[in-house]
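First up is the structure itself, then whatever we jot down about it.
Proteins get letters first, then strands, A, B, ... in listed order; numbering begins at 1 in each.
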There are 2 protein chains.
Amino acid sequence: MKDVAARAGVGLKTVSRVVNGEAGVSSDTERRVKEAITALGFRRNDSARVLRKGSTSSIGLVLEDLADPFYSPLSRAVEEVARAHGALLINGSSAEDPEREQELVLALCARRVDGLVIIPASDDHRYLAPEIDAGVATVFVDRPPGRIDADVVLSDSFAGARTGVAHLIAHGHRRIGFIGDQPGIHTADERLRGYRAAMAEAGLEPADSWVAPGSTDAARVAADAARMLDAAEPVTAFFSGNNRVTVTLVRELAAPARAGSGVALVGFDDFELADLLAPPVTVVAQDPADLGRNAAELLFRRLDGAEDPPRRLTRPTRLVPRGSGELPPRL
Amino acid sequence: MKDVAARAGVGLKTVSRVVNGEAGVSSDTERRVKEAITALGFRRNDSARVLRKGSTSSIGLVLEDLADPFYSPLSRAVEEVARAHGALLINGSSAEDPEREQELVLALCARRVDGLVIIPASDDHRYLAPEIDAGVATVFVDRPPGRIDADVVLSDSFAGARTGVAHLIAHGHRRIGFIGDQPGIHTADERLRGYRAAMAEAGLEPADSWVAPGSTDAARVAADAARMLDAAEPVTAFFSGNNRVTVTLVRELAAPARAGSGVALVGFDDFELADLLAPPVTVVAQDPADLGRNAAELLFRRLDGAEDPPRRLTRPTRLVPRGSGELPPRL
DNA sequence: GCGGGACTGGACAACGTTGTCAGAACTGGC
DNA sequence: GCCAGTTCTGACAACGTTGTCCAGTCCCGC
């Protein structure tokens, strides 16, 4: 900027004015400055600007895995809202590791992002309290924060799972297996709770062996599914706790050994091509882009100065019957 | 930092030394400083640090759509490499709009990212020349840059398409339709060129009506496919130019009106569940994570000071026969 | 007791920008 | 010709950090 000023024969501040389109520069001076800018290939250094102004016009997004087909539309939705507010998006994957989440979040805070959207991997966010006090707006999505109070946007996992399991029961199933994500993850726990509620409401007592929360690793899911299917009293239907599990189950049920076994399936989360499988997969759909959009909008409300107490937004899910969830029980 | 220094009763520089783990601070002083840091919830302001040091330890990624299942693993791979080098990732979607690409890239440059990974939407990147001269390392992925010279990592679209189309020809097809992405997009043009090469090598002359590059919009793809299938001399097989088109074609061929028509299909790009469809979809697979990883590594090579002339890395594709590409022609 | 080296700590400038403020150069009215 | 008002311009400080450089203190060996 100094160089531009020198070349245009004006003061520093005048260049600053031109760069920022401020009023009070004669058109002749403005022209000279613009020429110098072009000639020198000058670009304002936003680091210095940030230092001076205090706001970075950027927000951070911490999620589990950017490449997960559930999270990537969420990420994109946050990006769109950020863009509409003139902010850039910095994002990082926590890989479901609490330490890595904290490391990322603190790195983002050190860069002085204006706000944070977090899909928590950790269940204790007290480390964030000083940052929030220091003015970093924070919104949690998909899962609530641990041990602090903050805005949060959730899907209604409990109601969704209850509806999905009730759907299977309505189609005659009594022995329904639940294969879900790690216990401790809020959505996983809520969906299991929904399963239990639906079973209880129908007067059914799930056997311990029908309930298998755990990792979404394909081998684990396949093993638990096989165990339930090969038992003396096999399950006739599965409710799966998320899209990763659903896909593994679909693959497992389509394997030659199981072909035509007619096991019913309802999965939490929709996924692409679910309608083209045989049978098409019935799902409890949530809308990740909607979650992201709502979270980002809540964030920018805070950045615009909203001071009301933290909100909890619960977004509805939608049962999408496609075939696999309407199969009758086979013995 | 000033406050921390005051509270600990030391000078500014001493606090800086503690924060950065530099030597030359007695353990007693260090303890006092650390206490003050905790008490005040101090976090170093990286904007100021960047201003002083010149490097931001962050890289920018500009791609077409963060939510596209092809690009999201690429993005994740770039993130992993960045993380290994202690850098954060700032990313933005260009939505295939050249202006938006430029806007994003320049915003990233203004933030003084150390480097850029770009999946171009534009075919003219001369606007980047001053930035590159100013030291922003830049690597293009998936598509080459326009009118400037820079590192680039590509999949071998031409060879992949030629192999895929030759595979259909080897299975007896003569009338093969090509439905691809917008002309002008490098990968789209290369794949069309591969199609033409394979046809020519087999002594086949594709009719104009068999070749339909264009938008990946489902309605457009469906209309062109219908046209080719309902012609007097219908095509017996499709080669599709990318995963979006493939999915639309699969959906179209599975529609009741076409059920059992036995049209063969080979698609460029692999996609999840391709193996579970009926018939399973034969694809020419590329590895987006591999592209991202290679691009990021090339970028960090430059940041580490490599000065050799720009490289062009071409990554191989892999034909994955699954069923849909091995169907015989039906008349 | 003294010189010298090792260690510790702090004053100061600089990074590139913008807000504040004041000065210079005009204009128009009397 | 002079003053008030308006428009344009630039000097300067400040944002929070780090590199440079110097000063003080301590300990050692002679």
With respect to the side chain of L51(B), which nucleotide from dC15(C), dT18(D), dT9(D) is positioned closest?
-> dC15(C)
Spacing of CD1 belonging to I119(B) relative to CG belonging to L61(B), to within rounding of 0.5 Å | 6.0 Å
Looking only at dT17(C), dG19(D), dT8(C), the nucleotide nearest the K13(B) side chain is dG19(D)
Contact class for V25(A) (heavy atom, under 4.0 Å): base, sugar-phosphate, or nothing?
-> sugar-phosphate
When the distance from CZ of R112(A) to P of dT17(C) is rounded to whole Å, what number comes out?
-> 21 Å
Nearest to the side chain of F42(A), which nucleotide is it out of dT17(C), dT17(D), dG10(D)?
-> dT17(C)
S26(A) side-chain N/O to dT9(D) phosphate OP1/OP2 under 4.0 Å | yes
Over 60° means perpendicular and under 30° means parallel, so classify the ring planes of H85(B) and F300(B), tilted if in between.
-> parallel
From CD of E22(A) across to P of dT9(D) the rounded distance in Å is 13 Å
dG9(C), dG16(D), dG19(C): which one has an atom nearest the side-chain heavy atoms of T14(B)?
-> dG9(C)
Taking only N and O in the side chain of K2(B), is any of them less than 4.0 Å away from OP1 or OP2 of dT17(D)?
-> no
Could a donor-acceptor pair under 3.5 angstrom be found where the side chain of R17(A) meets the base of dG10(D)?
-> yes
For D3(A) and dT17(C), give me the distance from atom CG to atom C1', rounded to whole Å.
-> 14 Å
Between dC15(C) (P) and L12(A) (CG): distance, integer Å | 12 Å
Measure the spacing between CG of L104(A) and CZ of R83(B) and express it to the nearest 0.5 Å.
-> 7.0 Å
Which is true for R49(B) with a 4.0 Å heavy-atom rule: it touches a base, it touches only sugar-phosphate, or it touches nothing?
-> sugar-phosphate
Quick one: label N20(B) by what it contacts on the DNA or RNA (base, sugar-phosphate, nothing), any heavy atom closer than 4.0 Å.
-> sugar-phosphate
Side-chain N,O (R44(B)) to OP1/OP2 (dT18(D)) below 4.0 Å | yes
Below 4.0 Å: OP1/OP2 of dT17(D) and any side-chain N or O of S16(B) | no
dist R302(B):CZ -> I132(B):CD1 (nearest 0.5 Å) comes out at 10.5 Å
What is the nucleic acid contact for S47(A), judged by heavy atoms within less than 4.0 Å: base, sugar-phosphate only, or nothing?
-> nothing
Is there a side-chain contact (heavy atoms from CB on, under 4.5 Å) between I59(B) and V78(B) once you walk through the steps?
-> CA-CA 9 Å; I59(B) 66 174; V78(B) 172; 4.0 Å; yes
Would you kindly give the CD1-to-P distance between I37(B) and dG16(D), to the nearest whole Å?
-> 16 Å
Taking NZ, NE, NH1 and NH2 as the nitrogens, is one of them in R293(B) or E79(B) under 4.0 Å from a carboxylate oxygen of the other?
-> no
Taking the side chain of R52(B) as its heavy atoms from C-beta onward, which of dA14(C), dT18(C), dT9(D) lies nearest to it?
-> dA14(C)
Base, sugar-phosphate, or nothing: which does V19(A) touch, judged by heavy atoms less than 4.0 Å apart?
-> nothing
Please figure out whether S27(B) or K53(B) has its closest DNA chain C nucleotide nearer the 5' end.
-> S27(B)
Spacing between N45(A) atom CG and dT17(C) atom P, to the nearest angstrom = 5 Å
